[in-house]
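Just so it is clear: chains get the letters A, B, ... in the order the sequence lines come, proteins before strands, and each one is counted from 1.
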2 protein chains.
Amino acid sequence: MTTARKPRAHRQAVTVTDIAKGCGVSRATVSLVLRGSPLVHADTRARVEAELKRQRYVYNRAAANLRRRTSSSIALVINDLSNPFFAEFAAGVDEALGGEGYVTLLGSTGESPERQQAVLGSLVEHAPAGMILSPAEHSDGLALRRQVGAGVPVLVFNRELSGADWDFLALDNQRGARLATEHLLSLGHRRIAFFGGHADSSSCQQRRAGHAEAMRAAGLEADPDWLVECSPTRAEAAGRTGELFERAPGATAAVCYNDNVALGLMLGLGARGVRPGAEFALTGFDDITEAALSTPPLTTLAVQPRECGRHAAQLLLDRVREPDAPVKRVVAPVRLVVRGSSGAQVP
Amino acid sequence: MTTARKPRAHRQAVTVTDIAKGCGVSRATVSLVLRGSPLVHADTRARVEAELKRQRYVYNRAAANLRRRTSSSIALVINDLSNPFFAEFAAGVDEALGGEGYVTLLGSTGESPERQQAVLGSLVEHAPAGMILSPAEHSDGLALRRQVGAGVPVLVFNRELSGADWDFLALDNQRGARLATEHLLSLGHRRIAFFGGHADSSSCQQRRAGHAEAMRAAGLEADPDWLVECSPTRAEAAGRTGELFERAPGATAAVCYNDNVALGLMLGLGARGVRPGAEFALTGFDDITEAALSTPPLTTLAVQPRECGRHAAQLLLDRVREPDAPVKRVVAPVRLVVRGSSGAQVP
DNA sequence: CTGAAAGCGCTTACAG
DNA sequence: CTGAAAGCGCTTACAG
């Protein structure tokens, strides 16, 4: 605990005692009515319910949680809420939790491990039943584990976290890249490069693995020269277009690390007089809004962040209900969206 | 209260009693140390603090709030979290609240008044100290007022809500449109249309008012024919380009309702062989990501949703601290961002 | 089927 | 400066 707030009394709430007095029963009976117990007589129940309505009673869940030693909140810690992917994810989480009677405690870290520590410290004091954590970059898994404690189940999302044996949910990167590669293969392409991403990131490794898997299955050898690294930004990708063709001469298609890289590559191709989608096929990953609006529109993998969020909520609640179940590692489905950018003729 | 959750005991927490026993003081003393009271002797404090660390004590804020009749949470109800504007806004709110020692209770309504009712019902049971509400479309202000109750201060964001005397924060729509119009005037334009939006929306009315204000100040009469309605989508705006020129013949520039409308108008201009930015000047509103990336880049009004969120948090906390202050109506600043689209020559 | 009593983890006058 | 006692609003055995 760190902060000092001005102690501000909140509304003089009407309590079970007021209701009990108001209709001549005991507080216990009121509580039983509130919790929907079948033990109480229908007439009594009706009387109590009328009184609840009359006095505009509002349940104090915090008090109930304290007494019952339960929790009705889940902490959701997001590294970057301004990223539409995570915003959608958060919406999905909140939607699913709400449906199960939980409330979402939000915490955003802005990719700062220090802020993450502070946020977790504050959230833990509110005794959430569990936590969904999309870790900030360079998070220390062991430190997080220590701070959160053993009592709060955690689901880690999106980024691998070493040193903690928590449940883990991530995109199905490998399958996504495999689907994209298979799609290009089915159109007749054989010389398919993998363009973009950093080889030391787990998501890039997984996407490369999917590409390699599909190539191998088609009886093609994946040449390591055909894996071109670059930062996942448009400008960087545009600038590396030349390198792609030097290292992968004769390539007729590329599976790109993500949409930004693909859109950058389109710019680079255009600058070299190569018409993307007509003379060179390419695919992205993420299905960002602009993917559908580019010229040509981009074939990509829709990652359905909202569904992902719902899925995460469900996984965490499973864990909350069954704390001793074995640790889970789950991949979220991705879906290939075919658009114009992959329509290039094979020479 | 509606839902039934499986009662799940959470961790066997270490409490002030454990700490008190552990170092031979009373629970009261531990509490005083926790709350940073100057009453306790430095030696005692040190002993207690060591014991807190040793036993990895975590403060139970819910219990403290119950006893003190305070609250350390603020409810944030967002109509559409998947809209980047609101996501950024939420990030700003959470950031500011965190800094003040509050935790954010998230609720998203997806623009559904029914879901909004359910969400509010659930949030209110968690006894937030206040609420920031971006209402769903067609919300009933009086019904909301009744549901939330008089005890919880509410700040309404973005959309006017009739029937409730709550604090209100919205974008400075009028000033934004005025700045855009003044910018076009300063470049020599005199025949400036207002394009897009629905006349019955309060934000459109305000933006039109800003346009009219600037025109009037420049000694120009705003012809009602030069106000062209259309839905704020790209496709719709592109399709209405012809109408704009029929109704506003000789217009050399347009202030658009928002960026989507402006981007659509660019498409429509292109289709008619008019080069936007070179032969016709236009401005947007919002500064969405694509505004900087279009050809030409779009002159627009940056609305700074994150700052807006911080501002909202501050306003609400002011209200929480001073419940009886007069109701406030505040506009959030907007900033003109000049880019290529407004660079057209005046004939 | 209903009520009296104890207790969740904390804080706060009130004595000493 | 420290401790004993009461109480925040709720729930849950336990009697009846």
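Of all heavy-atom pairs spanning A:Met131 and A:Leu316, the tightest one is N-CD2, 3.5 Å. Here the closest heavy-atom approach between residue B:Val320 and residue B:Ala129 is recorded as CG2-O, 3.4 Å. The two residues A:Leu81 and B:Ala87 come nearest to each other via the heavy atoms O-CB, 3.5 Å. Between B:Pro128 and B:Leu105, the closest heavy-atom pair is CB-CD1, 4.4 Å. Here the closest non-hydrogen pair linking A:Arg47 and A:Gly24 is NH2-O, 4.0 Å.
Here the nucleotide nearest the side chain of B:Ala63, chosen from C:dG9, D:dC8, C:dT2, is C:dG9.
Remark: side-chain polar atoms of A:Glu125 are not paired, donor with acceptor, to backbone N or O of B:Arg61 under 3.5 angstrom.
A close approach under 4.0 Å does not occur between any side-chain nitrogen or oxygen of B:Arg45 and OP1 or OP2 of D:dC1. The phosphate of D:dC8 has neither OP1 nor OP2 within less than 4.0 Å of any side-chain N or O from A:Thr15. Side-chain nitrogen and oxygen atoms of A:Arg68 include none within less than 4.0 Å of the OP1 or OP2 phosphate oxygen of C:dG7. Side-chain nitrogen and oxygen atoms of B:Arg67 include none within less than 4.0 Å of the OP1 or OP2 phosphate oxygen of C:dG9.
Atom-to-atom, CG of A:Leu66 to P of C:dT11 comes out at 12 Å; the value is rounded to the nearest Å. Straight-line distance from the CG atom of B:Asn65 to the P atom of C:dC10: 12 Å, rounded to whole Å. Nucleotide D:dT2 holds its P atom 20 Å from the NZ atom of B:Lys21, rounded to whole Å. Taking atom CG on A:Leu39 and atom P on D:dA13, their separation rounds to 12 Å, with Å as the unit. Taking atom CZ of B:Arg61 as the reference point, atom C1' of C:dC8 lies 18 Å away to the nearest angstrom. Between A:Arg35 atom CZ and D:dG9 atom C1' the separation is 14 Å, expressed in whole Å. When the C1' atom of C:dT12 is taken as reference, atom CG of B:Leu34 falls 14 Å away, rounded to whole Å. Nucleotide C:dC10 holds its P atom 10 Å from the CD atom of A:Glu125, rounded to whole Å.
For residues 149-162 of chain B, the set of pairs meeting the salt bridge (charged side-chain N to carboxylate O under 4.0 Å, His left out) definition, not counting sequence neighbours, comprises B:Glu111-B:Arg159, B:Glu160-B:Arg329. Listed by first and then second residue, the ring pair (Phe, Tyr, Trp, His ring centres under 6.0 Å) pairs involving residues 133-157 of chain A are A:Phe89-A:Phe157 (not counting sequence neighbours).
Near DNA chain C, defined here as any heavy-atom distance below 4.0 Å, the residues from residues 24-32 of chain B are B:Arg27, B:Ala28, B:Ser31, listed numerically.
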Distance-only donor-acceptor hits, side chain of residues 91-99 of chain A, under 3.5 Å, sequence neighbours excluded:
unit_1	atom_1	unit_2	atom_2	d
A:Asp94	OD1	A:Thr104	OG1	2.7
A:Asp94	OD2	B:Ser108	N	3.0
A:Asp94	OD2	B:Ser108	OG	2.8
A:Glu95	OE1	A:Arg306	NH1	3.2
A:Glu95	OE1	A:Arg310	NH1	3.4
A:Glu95	OE2	A:Arg310	NH1	2.7

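Among the atoms of the strands shown, none is found under 4.0 Å from any heavy atom of B:Thr17.
Between A:Ile19 and A:Gln55 there is a side-chain heavy-atom pair separated by less than 4.5 Å.
Using a 4.0 Å cut-off between charged nitrogen and carboxylate oxygen, A:Lys328 and A:Asp167 do not count as a salt-bridge pair.
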Nucleotide-level pairing of DNA chain D, given in dot-bracket where Watson-Crick and G-U pairs need both distances under 3.5 Å and | marks other strands = |||.||||||||.|||
request  = Start with the C-alpha gap between B:Glu100 and B:Arg321, add the side-chain angles, then the distance that decides, and say whether salt bridge (Lys or Arg N to Asp or Glu O under 4.0 Å) holds.
outcome  = CA-CA 12 Å; B:Glu100 299 276 356; B:Arg321 283 158 191 156; 3.2 Å; yes
Write down the protein N/O and nucleotide N/O pairs, taken from nucleotides 14-16 of chain D, whose separation is under 3.5 Å; answer none if there are no such pairs.
none

